[in-house]
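What you see below is based on every heavy atom in this structure, not just the backbone, and it leaves out hydrogens, waters and symmetry mates.
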Protein chains: 2
Amino acid sequence: MTISEVSKRCNISPDTLRYYEKVGLLSDVNRTAGGIRDYTEQDCAQIEFVKCMRSAGLSIEILRKYFELFKRGKRTLKARRELLATERKALQGRLEELQDTLKRLDYKISVYDKAIASKDKELKF
Amino acid sequence: MTISEVSKRCNISPDTLRYYEKVGLLSDVNRTAGGIRDYTEQDCAQIEFVKCMRSAGLSIEILRKYFELFKRGKRTLKARRELLATERKALQGRLEELQDTLKRLDYKISVYDKAIASKDKELKF
DNA sequence: GTATCAGTTTGAGTTAACTCCAAGTCAAGC
DNA sequence: GCTTGACTTGGAGTTAACTCAAACTGATAC
């Protein structure tokens, strides 16, 4: 698969794909004789993983560490498991915070609905 | 309240408080005769609101717009309500995405646990 | 009455994560 | 054999949201 095919499929710009590779989120992408990247299904799956984790707020630095551990082989299985567990915990924390904020927004919107219904009474902020 | 008191109470640096004020997330903070900021409880509540919304991913720009509408008075009640509703929707979307990612992380961690238990079999990434 | 300290302003610097650009290469079509 | 178009690289530029620095001021402690 060429970079533009992967770009379309994963909805990530070619520049970002090259950037991810450069910073170590995608190692040893195959090249054609002419030096052009030739992504495998495996690569795509990994890119999807990165995309998913990035959108959940995991930093490039953390993902870089994860794949660096990966390259060191089986003996880092536990370390990788712990890294993921740590990030999972943080994610759960963010999730709970967001849930609270969602409730707060719902409440605020309901206050607005009341103010609008009752002849435009103003609120504090 | 001085800036350092608010800073401690809200756990936001004085620099950030001044920055928020400068970009319009906090208008007309009182000053002492000597020109020093003197925050009210109201100001604090607003700062907490900003902090909460920021941590939920609302941009400074969106919050700036919200408070700008606020300054224009009662006739912007509906517009503010709509702005909040839009952000609420986006937040809910992010929340759902994060929930999926949490599940994915849980699954991946369980795969690691299996690999670690079964004599260190390696995974794909 | 001067040293200290918490505040002030303006403007520059930082960080993460891209995103863009220029100059070059290679394979395919005509 | 030349043009075209998709790719390559290295490095510079961008954006959001702070964060820091320098020079200054006003009130309190001694």
Side-chain angles (χ1 to χ4, degrees), chain A residues 1-40 43-44 46-68 87 90-91 94 101, chain B residues 1-40 43-44 46-68 87 90-91 94 101:
Chain A
M1 243 174 302
T2 69
I3 201 165
S4 61
E5 282 162 353
V6 177
S7 171
K8 261 171 223 157
R9 177 162 152 184
C10 300
N11 203 30
I12 295 180
S13 79
D15 268 321
T16 301
L17 288 171
R18 281 186 285 257
Y19 169 69
Y20 281 173
E21 188 178 338
K22 190 167 73 177
V23 299
L25 268 43
L26 199 57
S27 36
D28 306 321
V29 175
N30 288 336
R31 302 290 182 119
T32 65
I36 288 178
R37 287 176 182 77
D38 184 21
Y39 295 86
T40 62
D43 293 329
C44 271
Q46 187 166 331
I47 289 162
E48 284 292 359
F49 174 72
V50 165
K51 188 187 175 188
C52 180
M53 295 304 135
R54 285 288 306 121
S55 81
L58 276 71
S59 68
I60 298 266
E61 184 52 22
I62 281 289
L63 294 171
R64 206 195 49 65
K65 253 175 209 157
Y66 177 76
F67 290 115
E68 198 220 309
E87 295 308 311
L91 177 54
R94 278 200 298 282
T101 303
Chain B
M1 245 173 299
T2 68
I3 201 164
S4 61
E5 282 161 353
V6 176
S7 171
K8 262 171 221 158
R9 178 162 151 183
C10 301
N11 203 27
I12 295 180
S13 79
D15 269 321
T16 300
L17 288 170
R18 282 186 285 257
Y19 169 70
Y20 281 173
E21 188 178 339
K22 190 168 73 178
V23 299
L25 269 42
L26 200 56
S27 36
D28 305 322
V29 174
N30 288 338
R31 301 290 182 120
T32 66
I36 287 178
R37 288 176 182 78
D38 184 21
Y39 296 86
T40 64
D43 292 330
C44 271
Q46 187 166 331
I47 289 162
E48 285 290 359
F49 174 72
V50 166
K51 189 187 173 186
C52 181
M53 295 304 135
R54 284 289 303 121
S55 81
L58 276 71
S59 68
I60 297 266
E61 184 53 23
I62 280 289
L63 294 171
R64 207 194 50 64
K65 253 176 209 155
Y66 177 77
F67 290 115
E68 198 220 311
E87 295 308 312
L91 177 54
R94 279 200 297 281
T101 303

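Across all strands shown, S4(B) has heavy atoms under 4.0 Å from sugar-phosphate atoms exclusively, and none from any base. The residue R18(A) sits close to a base: some heavy atom pair falls under 4.0 Å.
Here the C1' atom of nucleotide dG7(C) and the CD atom of E5(B) are 12 Å apart, to the nearest Å. Distance I36(A) CD1 to dT25(C) C1': 9 Å, rounded to the nearest Å. Across the protein-nucleic acid pair, K22(A) atom NZ and dC20(C) atom C1' stand 12 Å apart, rounded to whole Å. With rounding to whole Å, D15(B) atom CG is found 11 Å from dT8(C) atom C1'. One interatomic measurement links the two molecules: CG of L17(B) to P of dT9(C), which rounds to 13 Å at whole-angstrom precision. dT25(C) atom P lies 17 Å from atom CZ of R37(A), rounded to whole Å. If you measure from atom OH of Y39(B) to atom P of dA6(C), you get 16 Å, rounded to the nearest angstrom. When the P atom of dT8(C) is taken as reference, atom CG of D38(B) falls 10 Å away, rounded to whole Å.
Considering every non-hydrogen atom in both S13(A) and S7(A), the closest pair reads CA-OG, 3.8 Å.
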Mind running side-chain contact (heavy atoms from CB on, under 4.5 Å) on V50(A) and L26(A) for me, showing each step along the way?
-> CA-CA 9 Å; V50(A) 165; L26(A) 199 57; over 6 Å; no
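Between the CG atom of N11(B) and the CD1 atom of I47(B) there is a distance of 12.5 Å, given to the nearest 0.5 Å.
Mapping A33(A) and T16(A) onto DNA chain C via the closest heavy atom, the residue that lands nearer the 5' end is T16(A). If you find the closest nucleotide of DNA chain C to R54(A) and to G34(A), the one lying nearer the 5' end belongs to R54(A).
First and last contacts of DNA chain D with chain A, using any nucleotide atom under 4.0 Å from a protein heavy atom and ordered 5' to 3', fall at dC7(D) to dT9(D).
In this model, the phosphate group of dA6(C) is not approached by any side-chain N or O of T2(B) to a distance below 4.0 Å at OP1 or OP2.
Checking side-chain atoms of D38(B) against main-chain N and O of R31(B) turns up no donor-acceptor pair under 3.5 Å. Between the side chain of R37(B) and the backbone N or O of R18(B) there is no donor-acceptor pair closer than 3.5 Å. Judged by distance alone, with hydrogens and angles left aside, the side-chain atoms of Q46(B) form a donor-acceptor pair with the main-chain N or O of L25(B) at under 3.5 Å.
For residues 48-68 of chain A, the set of pairs meeting the side-chain hydrogen bond (donor to acceptor under 3.5 Å, both in side chains) definition, not counting sequence neighbours, comprises E61(A)-R64(A), Y66(A)-Y112(B).
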